[in-house]
Protein chains: 2
Amino acid sequence: MKNMSVKKKRNGPIMFPKATLERLKMYHALLQEEKSEYISSEEIARKLSIKPEQVRKDISYLDYSGKPKVGYHISSLVDALDELFGTKLRDNIIIIGAGHLGKALANYKGFVNFGIRVVAIFDNDPEKLGTYAGELVVLPLKDLDRVIRRFNVKIGTICVPGESAQKTVDLLIKKGIKAIWNFAPVILEVPENILVENMDIARSVLTLKHLLDRTPTGKIR
Amino acid sequence: MKNMSVKKKRNGPIMFPKATLERLKMYHALLQEEKSEYISSEEIARKLSIKPEQVRKDISYLDYSGKPKVGYHISSLVDALDELFGTKLRDNIIIIGAGHLGKALANYKGFVNFGIRVVAIFDNDPEKLGTYAGELVVLPLKDLDRVIRRFNVKIGTICVPGESAQKTVDLLIKKGIKAIWNFAPVILEVPENILVENMDIARSVLTLKHLLDRTPTGKIR
DNA sequence: TAGATTGTTAATCGATTAACAATC
DNA sequence: TAGATTGTTAATCGATTAACAATC
């Protein structure tokens, strides 16, 4: 009776609605920037252009409670979100494809905030082999097996061109990778026990193009 | 009576549900790869792990019809999607921030397929000024005004660190930019007539981390 | 034509929002 | 305490799915 939401913890993992998960990531981004100690659902909502009820509902999925009359204790809420996303647990990831994007990711310093460490970058182009991406030397794909075992890698990042993405994914799965972070602009086919997160960077701009053509302000092209 | 869906074209722009727009982008990605002449809703659905009814419903929003008993004529459907997203109309965009990511985007050859041309990349770091990103020289932000007018730029790409993202955005809006493509890992505040598309690359991996911890396969960390 | 597949209407489901009780 | 804000239940809304009519 004290905390009814405990029941959600009972049988099996709770499934978060996809939209809720996306918003929880936005709260996570927003709260990292906040300097004050408490924040209300009203304020979060205003900054994200959503409804405060939505914020309260989303947060009710978490193993966390706010304080009536005061709001949400920011650092505790961030902790709850970190727990949800496992940002305090480190995952070693690998990058396949040492083009501009692959190297940019290998150089990104912010991954540490999300519990991610890039342990290797691969490419089969002889031109790229042996060159550096940040502190990592570009390795040939024959080293895949060794690296995946050694660092217990679960997540593989696809930064190869669209044409070679599928066969790269097939290889990674064969080598034991469980989740694919896909930056290639193609749809991948994977077994149903394999997770895929698509980050089709260039195609994401199409939403802006679409809306620019249909928004009063953007109408004038 | 011939084509009831014409009514959708009548009063003002049709609003596509956000989820539908996202799926239409996936169809766009999938169909580009298809070699055959026709494809069925069944096949599209299977490749995307969704329901065929969903596919038919989504496509019914478009100014396009399939052929009963045959399926969708792929190239015509791609045309309809290109029309929806305006990929045949060129938008000139600029990139602010000539770090690894900004330069990777400036070097990306695939934008032409989406009707995007990067016309300039900016940075105020004296170390970066004058260096090259692909064929573009890194310019100082004082040139912003001139470039935006000269190339009629509507979309600004934010590749600066989180700390400077908001003030960069404020500046762009003052200079007349109508849409922000945001790669900084922060929530931006903009007037309501300004469009924002968030591409929080690193944070997107949190979905995989979350699911890996909750999926039978991924459970063993 | 008969059969297969689209397109659309209606039913269902799930997510959002409103209302209000709980509470500090 | 009174008032403000959370948390939760119920109502509403919108999106998905099912069913089936249209059609090539």
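Minimum atom distance to the side chain of A/T20 is reached by C/dT16, of the listed C/dT16, C/dA2, C/dG7. Checked against C/dT16, C/dT8, C/dT6, the side chain of B/S60 finds its nearest nucleotide in C/dT8. The side chain of A/K57 lies closest to D/dT9, out of D/dG7, C/dT8, D/dT9. Here C/dT5 is the nucleotide among C/dT5, D/dA19, D/dT16 with the atom lying nearest to any side-chain atom of B/P68. Closest to the side chain of B/R56, out of D/dG3, C/dA18, D/dC20, is D/dC20. In this structure, of D/dT17, C/dT17, D/dT6, it is D/dT6 that holds the atom nearest to the side chain of A/S40. Considering only side-chain atoms of A/P17, the nucleotide from C/dA15, D/dT5, C/dT6 that sits closest is C/dA15.
With respect to A/K47 and A/E43, a salt bridge is recorded, a charged nitrogen being found less than 4.0 Å from a carboxylate O. In summary, B/E22 and B/K25 engage in a salt bridge, as defined by a charged side-chain N under 4.0 Å from a carboxylate O.
Contact check, A/Y38 against D/dA4: no side-chain N or O comes under 4.0 Å of OP1 or OP2. Neither OP1 nor OP2 of C/dA15 sits under 4.0 Å from any side-chain N or O of A/Y61. At D/dA15, none of the side-chain N or O atoms of B/Q54 fall inside 4.0 Å of OP1 or OP2 (strictly under the cut-off).
Distance CE (A/M15) to C1' (C/dG14): 14 Å, rounded to an integer number of Å. Rounding to whole angstrom units, CG of residue A/L62 and C1' of D/dG7 are separated by 13 Å. In this structure, B/L48 places its CG atom 14 Å from P of D/dT16, rounding to the nearest Å. Across the protein-nucleic acid pair, B/E37 atom CD and C/dT5 atom P stand 16 Å apart, rounded to whole Å. Remark: P of C/dT8 and CD1 of B/I59 are 12 Å apart, rounded to the nearest angstrom. With rounding to whole Å, B/K69 atom NZ is found 11 Å from D/dC24 atom P. Summarising the geometry, the separation between CD on B/E53 and P on C/dT9 is reported as 16 Å, rounded to the nearest angstrom. Atoms OH (B/Y64) and P (C/dT6) sit 9 Å apart, rounded to a whole Å.
Taking the six-membered ring for Trp and thresholds of 30 and 60 degrees, B/F85 and B/H28 have ring planes more than 60 degrees apart, a perpendicular arrangement.
For B/H100 (side chain) and A/Y108 (main-chain N/O), no donor-acceptor pair under 3.5 Å exists by modelled atom type.
Between B/I50 and A/E42, the residue whose closest nucleotide on DNA chain D is further toward the 5' end is A/E42.
A side-chain donor from one of B/K67 and B/Y38 sits under 3.5 Å from a side-chain acceptor of the other.
Both distances falling under 3.5 Å, in either a Watson-Crick or a G-U wobble arrangement, place D/dA18 opposite C/dT9.
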